[in-house]
Amino acid sequence: MRIVKTIKEMREVSRWYRGEGKVMGLVPTMGALHDGHLSLVRRAKEQNDRTIVSIFVNPEQFGPSEDFNTYPRDTDADLEKLSGLQADVVFMPEAREVYPEGFSTLIEMGGIGQVLCGASRPGHFNGVATVVAKLFNIVIPRRSYFGQKDFQQTVIIQKFVRDLNFDTEVIVCPIVREPDGLAMSSRNAYLNEEERKAAVILHKALQLGEELIHSRRIDDASKVKKEMIALIKKEPLAKLDYIDIVDPHNLDPVKRVIFAAAICLAVNIGKTRLIDNIIVERR
Ligand code: PAF
């Protein structure tokens, strides 16, 4: 497994692979890898000749009062996991390599980046889109892999890929969950024992939403939201940021769940903000 730290070397490796006719899959990450990330790497390995994993905690996607400094970092453990899966290249540039002195160009995602998580994290998705676009330009992957846990992020990436004509197929892989249903996330490491138990409320609320739509045939999104909010309120350590039921293609809110909808939520458990979602389809 080759470790690459500069853009110049990453470009050379990528050019070499392309010259050899090798198809590349890219898995962008911020490290602190868990089984959710590893499922993306496995999928990339299955579908491509070469798998490139990037590890970069992107300062541009963190707000001034957010957890950039404390975001979990464990490079040794990450490299061991990736070498176990036989990733071909790990691209792990320094911040000044990605954002050199004088850098000032950002992708502006507009309205789709300002709803759901974007409402509480202004500028976050512009930062995500910018770094992912940079990675696409540096690696030029045929396919790129993202987890459905960050559902809004996947919609945003698919949109800028379309809008700006990037030539990569965006592949969204299913959420990987702990046995009790909590979606895997690097931020779960922040939770103490009590908070960890309380965090299962996100998945329970989503299961309730799904049950209301599927088994109890409720299609009124406001009724579904109301019952989910009531359930979350019963968990003393949970503070709701938002629940929204949206069109999975453009994130517009839906009033009635007629076809497919995404139920997305963000909940603070103690000081840790967690997100989760589920796609429901009316049967
Ligand atoms: O999902 C993440 O870990 C990040 O947002 C990403 C896509 C690697 C961009 O920094």
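As a basis for the values below, the full set of heavy atoms in this structure was taken, side chains included, without hydrogen atoms, waters or symmetry mates.
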Problem - Shared hydrophobic cluster, Leu251 / Ile157 (ILVMFWY, side-chain heavy atoms < 4.5 Å) - result: yes
Handout entry: Residue pair Gly209 / Val224: nearest heavy atoms and the distance that separates them
Key = CA-CG1, 3.8 Å
Practice task
Check whether any side-chain heavy atom of Lys45 lies under 4.5 Å from a side-chain heavy atom of Asp88, and answer yes or no.
Solution key: yes
Handout entry: For Asp78 against Gly31, the heavy-atom pair lying closest together
Key = OD2-CA, 3.3 Å
Handout entry: Hydrophobic cluster identity match, Leu240 and Ile278, side-chain contacts under 4.5 Å
Key = yes
Exercise for the section: Count the heavy atoms belonging to other residues, nucleotides or ligands that lie under 6.0 Å from CZ of Arg187, then report whether that count exceeds 12. Expected result: yes
Practice task
Check for a donor-acceptor pair, side chain of Asn126 on one end and backbone N or O of Leu106 on the other, with a separation under 3.5 Å.
Solution key: no
Practice task
Would you indicate whether the side-chain heavy atoms of Tyr190 and Thr70 approach each other to under 4.5 Å?
Solution key: yes
Practice task
Take Gln153 and Phe125 through the side-chain contact (heavy atoms from CB on, under 4.5 Å) test and state the conclusion after the steps.
Solution key: CA-CA 7 Å; Gln153 171 170 281; Phe125 289 109; 4.1 Å; yes
Practice task
Run the salt-bridge test on Asp180 and Lys197 with the 4.0 Å N-O cut-off and return the result as yes or no.
Solution key: no
Problem - Side-chain donor or acceptor of Asp49 paired with backbone N/O of Val23 under 3.5 Å - result: yes
Handout entry: Pi-cation contact, Tyr242 with Arg273 (under 6.0 Å, within 45°)
Key = no
Exercise for the section: Verify, without hydrogens or angle tests, whether Thr154 (side chain) and Gln148 (backbone) share a donor-acceptor contact under 3.5 angstrom. Expected result: no
Practice task
Kindly work out whether a path of hydrophobic side-chain contacts (I/L/V/M/F/W/Y, heavy atoms less than 4.5 Å apart) joins Leu33 to Met184.
Solution key: no
Exercise for the section: Kindly say whether Ala32 contributes a backbone atom to a donor-acceptor pair with the side chain of Ser186 at under 3.5 angstrom? Expected result: yes
Exercise for the section: Please indicate whether Glu20 has more than 12 foreign heavy atoms, meaning atoms of other residues, nucleotides or ligands, lying under 6.0 Å from its CD. Expected result: yes
Practice task
Tell me, yes or no, whether the heavy-atom count around Glu194 atom CD, taken from other residues, nucleotides or ligands under 6.0 Å, exceeds 12.
Solution key: no
Problem - Whether His124 side chain and Gly118 backbone form a donor-acceptor pair below 3.5 Å - result: no
Problem - Derivation of the salt bridge (Lys or Arg N to Asp or Glu O under 4.0 Å) call for Lys8 and Glu12 - result: CA-CA 6 Å; Lys8 182 172 176 284; Glu12 281 164 10; 3.2 Å; yes
Practice task
For the pair Leu191 and Leu274, evaluate side-chain contact (heavy atoms from CB on, under 4.5 Å) and give the outcome as yes or no after the intermediate values.
Solution key: CA-CA 10 Å; Leu191 302 169; Leu274 299 176; 4.1 Å; yes
Problem - Carboxylate-amine/guanidinium proximity below 4.0 Å for Asp276 and Arg177 - result: yes
Exercise for the section: Taking atom CZ of Phe259 as the centre, report whether more than 12 heavy atoms of other residues, nucleotides or ligands fall under 6.0 Å from it. Expected result: no
Problem - Charged N-O contact under 4.0 Å between Asp67 and Lys271 - result: no
Handout entry: Electrostatic pair Lys5:Glu97 at N-O distance under 4.0 angstrom
Key = no
Problem - Aromatic plane relationship, Phe68 with Phe62 - under 30° parallel, 30 to 60° tilted, over 60° perpendicular - result: perpendicular
Exercise for the section: Report yes if the side chains of Phe146 and Pro28 come closer than 4.5 Å at any heavy-atom pair, otherwise no. Expected result: yes
Exercise for the section: Could you tell me whether Glu66 atom CD has more than 12 heavy atoms of other residues or ligands within 6.0 Å of it? Expected result: yes
Problem - Gap between atom CG of Leu202 and atom CG of Leu206 - 0.5 Å precision - result: 7.0 Å
Fill in the blank from the handout: Heavy atoms of Met1 and Leu79 approach each other most closely as CE-O, 3.4 Å
Problem - Backbone of Asp252 reached by a side-chain donor or acceptor of Asn250 within 3.5 Å - result: yes
Practice task
Cation-pi check, Arg50 to Tyr17: give yes when NZ or CZ is under 6.0 Å from the six-membered ring centre and within 45° of the ring axis, no otherwise.
Solution key: yes
Problem - Within-4.5 Å side-chain heavy-atom neighbours: Phe91 and Leu135 - result: yes
Problem - Hydrophobic cluster identity match, Met24 and Phe166, side-chain contacts under 4.5 Å - result: yes
Exercise for the section: Answer whether the closest heavy-atom distance between the side chains of Ile245 and Pro253 falls below 4.5 Å. Expected result: no
Handout entry: 4.5 Å side-chain heavy-atom contact, Val53 and Val89
Key = no
Exercise for the section: Considering non-hydrogen atoms only, spot the tightest contact between Ile279 and Pro248 and give its length. Expected result: CD1-CB, 4.5 Å
Practice task
Any chance you could measure Ser14, atom OG, to Ile140, atom CD1, to the nearest 0.5 Å?
Solution key: 5.5 Å
Handout entry: Nearest atoms (heavy-atom pairs only) where Cys264 meets Phe151
Key = SG-CD2, 3.9 Å
Handout entry: Note, Ile218 side chain near Lys223 side chain (heavy atom, < 4.5 Å)
Key = yes
Handout entry: Flag, side chain of Asp247 to backbone of His249, donor-acceptor distance under 3.5 Å
Key = yes
Exercise for the section: For the pair Glu108 (side chain) and Gly110 (backbone), establish whether a donor and an acceptor sit closer than 3.5 Å, ignoring hydrogens and angles. Expected result: yes
Handout entry: Beyond-backbone contact of Ile263 with Ile243, side-chain heavy atoms, under 4.5 angstrom
Key = yes
Exercise for the section: To the nearest 0.5 Å, tell me how far Asp74 CG sits from Glu80 CD. Expected result: 9.5 Å
Problem - Shared hydrophobic cluster, Leu265 / Ile175 (ILVMFWY, side-chain heavy atoms < 4.5 Å) - result: no
Problem - Step-by-step side chain to side chain donor-acceptor pair (under 3.5 Å) determination, Arg143 to Asn48 - result: CA-CA 8 Å; Arg143 300 188 184 90; Asn48 303 279; 2.8 Å; yes
Problem - Residue Lys204 excluded, over 12 heavy atoms near NZ under 6.0 Å - result: no
Practice task
Give a yes or no answer on whether the side chain of His214 reaches the backbone of Glu211 with a donor-acceptor pair at less than 3.5 Å.
Solution key: no
Exercise for the section: Measure the CG-CD1 distance between Leu237 and Ile201 for me, rounded to the nearest 0.5 Å. Expected result: 10.5 Å
Exercise for the section: Give, for atom CD1 of Ile52 and atom OH of Tyr145, the distance between the pair rounded to the nearest 0.5 Å. Expected result: 11.0 Å
Exercise for the section: Mind running side-chain contact (heavy atoms from CB on, under 4.5 Å) on Val267 and Asp241 for me, showing each step along the way? Expected result: CA-CA 5 Å; Val267 178; Asp241 178 354; over 6 Å; no
Exercise for the section: Give a yes or no answer on whether the side chain of Thr6 reaches the backbone of Glu9 with a donor-acceptor pair at less than 3.5 Å. Expected result: yes
Practice task
Apply side-chain contact (heavy atoms from CB on, under 4.5 Å) to the pair Asn188 and Leu182, showing each step before the final yes or no.
Solution key: CA-CA 9 Å; Asn188 292 350; Leu182 176 66; 3.4 Å; yes
Handout entry: Heavy-atom closest pair, residues Tyr99 and Lys134
Key = CE2-CE, 4.0 Å
Fill in the blank from the handout: dist Gln207:CD -> Leu231:CG (nearest 0.5 Å) comes out at 10.0 Å
